[in-house]
Amino acid sequence: MSRTLFQPITLRDLTVRNRVWVPPMCQYMVEKGDGVPTPWHLMHYGSFARGGAGAVIVEATGVTPEGRISPQDLGLWNDAQRDALGGIVDLVHSLGAAIGIQLAHAGRKASTYSEWGNGAPGTSIAVEDDGWQTVGPSATAFGDLAEPLALDEAAIDGVVEAFVASARRAVEAGMDMIEIHGAHGYLIHEFLSPLSNSRTDQYGGSAENRARLLLRIVDAVRAELPEGMPLLVRLSATDWAEGGVQIEDTVQLAGWLREHGVDMVDISSGGNSPDALIPVGPGYQTPLATAVKQGAGIPVSAVGMIDEPRQAEQITATGLADVVLVGREFLRDPSFAIRAALALNVQDAPIPAPYRRAYRQRV
Ligand code: FNR
């Protein structure tokens with residue numbers, strides 16, 4: 001039976017074999033603090049492609065050293081990083097999947113210890129301990145993290161240029177698409193949200209002004225990409241906090257993104273307020289994605305506790321979203337897409353030829 005989840009989807013010139021994709025997930029497995037992927041990353045991304053995912057989106061990758069969440073993050077500000085990412089691209093392509101990369105700047109949430117760093121996870125690394133001065137729209141800290149320096153306009157120009165340079169290298173590495181990280185309380189989201197942006201210049205105040213950094217990045221990156229390459233943006237649709245970003249703001253923003261040439265928005269939530277009350281549960285962010293799809297008329301991906309084949313199929317079958325992103329369930333079972341295809345009785349399950357025997361009734 002042809003299930004919607006396993007129908008190809010086309011964005012610009014890219015056709016992806018199915019709609020079960022892997023969202024960006026930081027691995028914090030860079031060994032030397034140089035932003036260069038390691039064998040772990042090759043295994044990690046290859047395993048999802050071999051397990052039938054339509055596309056994998058490489059984890060948040062710093063566009064500058066200061067844009068990393070931790071020293072173990074991937075980066076894409078030099079050619080050595082680009083060349084190593086190219087090896088991951090080739091592996092994923094050889095397994096029939098598409099690959100994108102999430103370009104990121106962690107803003108005021110940068111320079112922190114990862115879970116296996118040399119300090120308390122999620123706390124700031126001091127400058128004298130090989131951390132760095134963080135930046136943000138305003139000098140307002142996130143929770144107990146170090147206070148950021150408010151970016152001046154020249155430094156904002158530098159951020160835009162860094163996104164463009166990383167996008168150029170991502171194209172050179174062979175990536176099929178780019179995702180700009182505009183969610184989870186990192187730099188772009190910090191500009192979007194009144195909770196973290198108290199600027200009085202052209203980057204603060206009105207919704208248009210708070211969106212200016214993101215739209216500048218979108219325009220500049222779009223101009224750098226080949227015409228046929230899709231551009232995605234991940235947004236936190238709501239801050240889940242009073243005075244913060246609300247779903248209506250995100251619907252308006254997604255409409256602007258569509259007008260500026262963005263092909264799909266990836267709808268997540270939260271991350272910019274330590275006090276947010278998040279009603280976590282199965283598929284909890286999907287209604288936000290649907291609201292954006294319907295309100296802004298732009299393709300969306302849904303993410304967040306979509307762990308079951310039938311649950312995923314229902315989302316695409318009923319048009320709640322165009323793509324389903326499955327994160328932690330793919331970590332638990334890298335063959336999730338094959339399992340889903342079999343559970344849904346899909347004719348051509350994405351099983352690599354050498355493994356087909358393992359799925360036959362009899363040997
Ligand atoms: C994440 N998430 C995430 N999001 C993002 O935009 N960039 C990132 O690099 C990361 N890193 C990351 C690491 C790990 C280990 C996890 C579990 C999550 C969020 C992720 O993309 C996804 O939105 C959530 O995990 C919710 O989806 P699931 O896991 O419930 O399917």
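Each ligand, and each atom within it, is numbered from 1 in the order the structure gives. The residues of the chain are indexed from 1 along the displayed sequence.
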Less than 4.5 Å apart, side chain to side chain, heavy atoms only: is that true for [X] and [Y]?
{"X": "L235", "Y": "L192", "result": "yes"}
{"X": "L14", "Y": "M177", "result": "yes"}
{"X": "V20", "Y": "V324", "result": "no"}

For E329, state whether at least one heavy atom is located under 4.0 Å from any atom of ligand 1.
no

Is A183 near ligand 1, meaning one of its heavy atoms is under 4.0 Å from it?
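It does not; every heavy atom stays at 4.0 Å or beyond.
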
Side-chain donor-acceptor contact under 3.5 Å, [X] with [Y]:
{"X": "Q72", "Y": "S114", "result": "yes"}
{"X": "Y203", "Y": "R216", "result": "yes"}
{"X": "S301", "Y": "R234", "result": "no"}
{"X": "N272", "Y": "S196", "result": "yes"}
{"X": "S236", "Y": "S269", "result": "no"}

Which Ile, Leu, Val, Met, Phe, Trp or Tyr residues join W132 in one cluster when any pair of side-chain heavy atoms under 4.5 Å counts as a link?
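ILVMFWY cluster around W132 holds nothing else.
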
Relative to the ring of Y45, is the ring of H41 parallel (under 30°), tilted (30 to 60°) or perpendicular (over 60°)?
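Correct class here is parallel.
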
Would you mind finding which of Q285, R234, M25 brings a heavy atom closest to atom 23 (O) of ligand 1?
R234

Quick one: which ligand 1 atoms are inside 4.0 Å of a heavy atom on [X]?
{"X": "H184", "result": "4 (N), 5 (C), 6 (O)"}
{"X": "A60", "result": "9 (O)"}
{"X": "P23", "result": "21 (O)"}

Among protein heavy atoms, which sits nearest to [atom], and what does the distance come to when rounded to 0.1 Å?
{"atom": "atom 31 (O) of ligand 1", "value": "G327 N, 2.8 Å"}
{"atom": "atom 25 (O) of ligand 1", "value": "R328 NE, 3.9 Å"}
{"atom": "atom 21 (O) of ligand 1", "value": "P24 O, 2.8 Å"}
{"atom": "atom 22 (C) of ligand 1", "value": "V303 CG2, 3.8 Å"}
{"atom": "atom 7 (N) of ligand 1", "value": "Q102 OE1, 2.8 Å"}
{"atom": "atom 26 (C) of ligand 1", "value": "G304 CA, 3.8 Å"}

When you compare ligand 1 with [X], is there at least one nitrogen or oxygen pair between them that comes in under 3.5 angstrom?
{"X": "M305", "result": "yes"}
{"X": "I306", "result": "no"}
{"X": "Q27", "result": "no"}
{"X": "L325", "result": "no"}
{"X": "E59", "result": "no"}
{"X": "C26", "result": "yes"}

Heavy atoms of the protein only: does one fall short of 4.0 Å from atom 5 (C) of ligand 1?
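Under the 4.0 Å cut-off, atom 5 (C) of ligand 1 does have protein heavy-atom neighbours.
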
E308 atom CD: more than 12 heavy-atom contacts under 6.0 Å:
no

Would the number of heavy atoms belonging to other residues, nucleotides or ligands and lying under 6.0 Å from CD of E227 be above 12?
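Result for CD/E227: open.
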
